[in-house]
Structures are given as structure tokens and as C-alpha cells.
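Convention: sequence-line order gives letters A, B, ...; per-chain numbering from 1. Keep in mind that this is a model prediction, so the values were computed, not measured.
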Protein chains: 2
Amino acid sequence: MQSYTEENYLKTIYHLAEQTTNVQTNAIAEQMQTKPASVTDMIKKLADKGLVDYIKYQGVTLTEIGRNTAIDIVRKHRLWEVFLVDKLNFKWDEVHDVAEELEHIKSVELIERLDEFLGFPKADPHGDPIPDKNGRFAKTQFIKLIELKVGDSGTITGVSQHSSAFLKHLEKLGLTLGKQIQVSDVTDFDGSVEILLSNKQINISREVAKHILISSNGKN
Amino acid sequence: MQSYTEENYLKTIYHLAEQTTNVQTNAIAEQMQTKPASVTDMIKKLADKGLVDYIKYQGVTLTEIGRNTAIDIVRKHRLWEVFLVDKLNFKWDEVHDVAEELEHIKSVELIERLDEFLGFPKADPHGDPIPDKNGRFAKTQFIKLIELKVGDSGTITGVSQHSSAFLKHLEKLGLTLGKQIQVSDVTDFDGSVEILLSNKQINISREVAKHILISSNGKN
DNA sequence: AAAAATTTTTAGATTTACCTAAAAATAAAA
DNA sequence: TTTTATTTTTAGGTAAATCTAAAAATTTTT
């Protein structure tokens, strides 16, 4: 049984490990809004519990148990997000903080029934995949919008940034999940991208394009 | 802003205050499965925060702020219980522990939307009234089944004991909310009560009869 | 009203998750 | 390969919520 705080550490390590193999103390500290010294303390504790492998000065990796625990928290987080959007009519930019709390409710029964109630969704409101109760989920094949060439088209299926500001911005532009887009031009000057969205031409900054994930349906 | 623990103290004091005016340290300790010394510490803290009135050795009472906070937690607890039973098909004896956790999720928006989603229910699965968002709720007029005289009849509208064992027992006997009953006899020997439930004669112990709440529809 | 029993509080410790400041290890630059 | 910079850890301390054991206040009984 893990504490609220331990669960948050595991989740953070899990997410950081999606980008780098060995997760660094400082990276965890920054993500968790705490100090490196505190992270070292907690890492030792998690190592004692067999949830992470830890060699001094070398960063951490999750053990299998640690990873499973983290995936379970991610599953809960994403299911609650679906609940909030689908059933309680929250917007996709409003759900993160509440889900941060709900993900720590400990009841296997609750989550299984919630999953069923929601119709076993495969993705959360931001397009992130929801692990099934065995922790399995499809490794989704995304391409960042910024990587598309002029003429490429595809469907918006996710975002790699969950800040409210970013999501609200996308909403305003009409760039929501499921929308079809085609890249019509890339500006040399600032790298901004011109796209075609339901016959309208819109321009998005390089920064925005970096965080929109596309499931490509081929060139041209 | 209260901590998880502070909220639980306030809620416990609130419930104890429904029976006695001045809530005693020992009573709180027993209810919260902790030691009197710990209770004294916490009471001081709550008094400093203006949530309870406290005179040494004289027990505590909630201030208006304290009471409102407690009522808000009770509201959340009961709404979540309705959610669990109505939407996720939990049984009435399975919801208490999960609701104990869910009641601490801090989001006004969440609770208001949940309330709406559930259709603004007036009572939880055990018949306990749900305060509205302003903390108001009808003081329900209950009579304990044990207090009924032979010939009296009424509708089961609540229970004053929420243990899983008790609720399961009632379920098995068919004594669920909304059922009509009539007292047909009271045994001298052990005080057990014979009741008529949809034309069937059933016998319940004095102990059980004490915890069934009836909204009486008059004598005979 | 004194003695006994009960209830409540104080005093001093413990655990968890933090912190700051300084030391140690590692990585990068000159 | 030293020097410098960065990262990480250790050491020692704090605040929240708990504990045990002992002292103090209150209540009950004789």
C-alpha cells in the first residue's frame, strides 16, 4: 500500500521515463515542485519498498511492481477525466486538477465499475490511451504536427501538453480531437504552420504545432 | 482550507453533536479510532482556526464555520453514495468506505455538477438527507421501529446504523427503503418485534428494530 | 466532603514528508 | 588533465498527526 505522496512520485517517474531511460533527481524535483534533497529521501524509501531501482548519483528506474503501480494510477486518472468530460460536462482543459485528486481513491471495485459505466473507453479527453485493468494499452503511433510536410494530412488524436492555457487556445482555434487537418504551408520566417481545417485556412505557431499529435493517414 | 484529518474530525464532531450537545474527547477518540491525547491536540488546532469552541475539560461544539464545513463534507459523502449506488450499481452496504475517501475531493464545481447529474437527490441510499449547496436540508421526522406499538404501520425511510453486516442483514430480510411494514406483535421474552412485510410475517430482534427508521403513517 | 473512578490534558517521542546549507560525486569546459 | 559547473547526497531541522505515560481536573460513589 502506497501513500498519496509515494503514488505521485511513482507517477512522475513513470511519465519522465517515457522520455529518458534513467530519471534524474532534479527532473523529478522540478516536476513535483519540490527540492532535490526531498526527492533523494523519497527515492530511498521507494527503493526500500522495491518500487524503484536506485544507484546513487545514477538516477532511478521503476521496477516491474513500481511500473504496474504507476500504470494503475495513470489508468485511474484517465478514467476519471473521461467521467468528468462525458458525464459531468467538464471541458477538456478543466479536468486535470480534479483527476489528480480522484486518481488516489483506493478501490479496485470502484475503478472497474467506473470503466464499465463509461463503456471501457480507450482514450482520455486529451487522446492519451487508457490502460486496461491488466495495465495493457496500445502504444499509439503518433506524429507531431510539426513533423508533417506540406501536403501531409491526418487526424488530431492527441496533445502533448495539458496546460489549461494551451487547451483553451486549441479549443478556440477549433483544433479538437478527431478533426481532420492538412498542412498547406510552413513559414520560413518563424516556422509557423499553415493548416487547412474544414476548408478554413488557419495559422498556428511552431510552439503549438509541436504539441499537437496527429495520426497520419499518409502523404498527400 | 482544512486537511484531510481536520475534515474527518469536524465530520465526527458534527455527527456526535446530533446526539449530545457537548461532544467529549473520549467519544471523538473512540469514533475516530485514535487516542484521547491525539484528540486534545487536534481540538486545540481546530479551536485556533475558529472551527470549534473549546473550553478545557468541557468538550467541544462546532462554530458556525465549523458546522458549515462539516455539513459540506456530509453533503459530498452522501452525493457520492448516491452516485455509487445509482450509477455504478454498488449495493447500499458497499458504499460507505469508498465515500469516506471521495468526500475529501476538493472541488466545488465537481460536487455541483455531480448533484445535477444525479438529479438533485434529497436522500442517500440509507435514507439520510442530503444538504443542498447552501447546507440546508429538511429535518426528517423519523420514528424508530422499536418505538412503534402493535398495529402501527409505516414506511422504512432510513437506518441509524451503517455497518455492512447490519445492512446485508436487512437486505436479506427484505427490509429495504420504501417498504411498507406493520407491527403485528412484540414478544415479551426478548423484546423482538413481529412485523408484517408485504403479507409475510417476519420476526426481527430488538437490536435490529432499534436501527430501522420509520416515517409513520399513523396508527392502525 | 473525602475517596475513588473517570475523563482529559500535558510532556516528551515518533514518523512522514518536507526544508536549508554544506559536502561529495559526476559531468563539462578550459 | 585540471578547473569549473552541475547534479546529487548527507546532515541536521521543522511541522503535522500520531503515540505512551504520567499528571491534573472533573465526576461519581461512599
Side-chain angles (χ1 to χ4, degrees), chain A residues 1-17 19-62 66 69-70 73 100-101 103-104 106, chain B residues 1-17 19-62 66 69-70 73 100-101 103-104 106:
Chain A
M1 191 92 302
Q2 282 77 45
S3 75
Y4 191 100
T5 311
E6 284 166 3
E7 288 190 351
N8 279 332
Y9 271 90
L10 290 174
K11 189 185 56 166
T12 298
I13 295 167
Y14 174 79
H15 285 310
L16 289 171
Q19 277 129 4
T20 51
T21 330
N22 259 45
V23 180
Q24 304 201 124
T25 305
N26 269 358
I28 300 171
E30 193 191 2
Q31 193 69 30
M32 299 209 48
Q33 311 245 62
T34 184
K35 296 288 138 72
S38 309
V39 174
T40 302
D41 284 350
M42 180 55 83
I43 282 173
K44 282 184 190 163
K45 195 172 155 194
L46 294 174
D48 286 347
K49 289 193 172 190
L51 297 163
V52 299
D53 289 320
Y54 169 55
I55 307 164
K56 268 188 198 174
Y57 294 100
Q58 303 301 127
V60 280
T61 52
L62 292 169
T69 307
I73 299 159
E100 284 294 286
E101 289 191 60
E103 72 189 6
H104 299 290
K106 292 181 205 330
Chain B
M1 189 93 305
Q2 282 76 44
S3 74
Y4 190 99
T5 310
E6 284 166 2
E7 289 190 352
N8 279 333
Y9 271 91
L10 291 174
K11 188 184 55 165
T12 298
I13 295 167
Y14 175 79
H15 285 310
L16 289 170
Q19 277 129 4
T20 50
T21 330
N22 258 44
V23 180
Q24 305 199 121
T25 305
N26 269 358
I28 299 171
E30 194 190 0
Q31 193 68 30
M32 299 208 49
Q33 312 245 61
T34 184
K35 296 286 138 69
S38 310
V39 174
T40 302
D41 285 350
M42 179 55 83
I43 282 172
K44 281 185 192 163
K45 195 175 156 193
L46 293 174
D48 286 347
K49 288 193 171 191
L51 297 164
V52 299
D53 289 320
Y54 169 56
I55 306 164
K56 267 190 197 175
Y57 294 100
Q58 304 301 126
V60 280
T61 52
L62 293 169
T69 307
I73 300 160
E100 283 296 286
E101 289 191 60
E103 73 190 6
H104 299 289
K106 291 182 206 331

| For Glu30(A), which residues count as a salt bridge (charged side-chain N to carboxylate O under 4.0 Å, His left out) partner, sequence neighbours excluded? | none
| query | Partners of Lys106(A) by salt bridge (charged side-chain N to carboxylate O under 4.0 Å, His left out), sequence neighbours excluded? | reply | Glu7(A)
Using whole Å, report how far [atom1] of [X] lies from [atom2] of [N].
{"X": "Glu7(B)", "N": "dA16(D)", "atom1": "CD", "atom2": "P", "answer": "16 Å"}
{"X": "Lys35(B)", "N": "dG12(C)", "atom1": "NZ", "atom2": "C1'", "answer": "17 Å"}
{"X": "Gln33(A)", "N": "dC19(C)", "atom1": "CD", "atom2": "P", "answer": "11 Å"}
{"X": "Asn22(B)", "N": "dT7(C)", "atom1": "CG", "atom2": "C1'", "answer": "14 Å"}
{"X": "Ile28(B)", "N": "dT18(D)", "atom1": "CD1", "atom2": "C1'", "answer": "16 Å"}

| request: State whether Thr34(A) places a side-chain N or O below 4.0 Å from either non-bridging phosphate oxygen (OP1 or OP2) of dC18(C). | output: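 Answer is no, no contact under 4.0 Å.
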| query | Quick one: is dT16(C) close enough that its OP1 or OP2 comes under 4.0 Å of any side-chain N or O from Tyr9(A)? | reply |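 No, no such contact exists.
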| said: Suppose the criterion is side-chain hydrogen bond (donor to acceptor under 3.5 Å, both in side chains): which pairs have a residue in residues 47-57 of chain A, not counting sequence neighbours? | reply: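 Residue pairs with at least one partner in residues 47-57 of chain A: Glu6(A)-Lys49(A).
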| request: Please work out if Ser38(A) contacts a base, only the sugar-phosphate, or nothing of the nucleic acid, heavy-atom cut-off 4.0 Å. | output: base
| What residues, two or more places apart in sequence or in another chain, satisfy side-chain hydrogen bond (donor to acceptor under 3.5 Å, both in side chains) together with Gln24(A)? | none
| query | How does protein contact run along nucleotides 5-12 of chain D, one letter per nucleotide 5' to 3', with B for base contact, S for sugar-phosphate only, - for none, heavy atoms under 4.0 Å? | reply | --SBBB--
| message | Suppose we screen for side-chain contact (heavy atoms from CB on, under 4.5 Å). Which residues come up paired with Thr12(B), at least two apart in sequence or across chains? | response |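 side-chain contact (heavy atoms from CB on, under 4.5 Å) list for Thr12(B), sorted by chain: Leu16(B), Ile28(B), Gln31(B), Met32(B).
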| request: Of all the heavy-atom pairs spanning Ile43(B) and Val52(B), show the shortest one and how long it is. | output: O-CG2, 3.8 Å
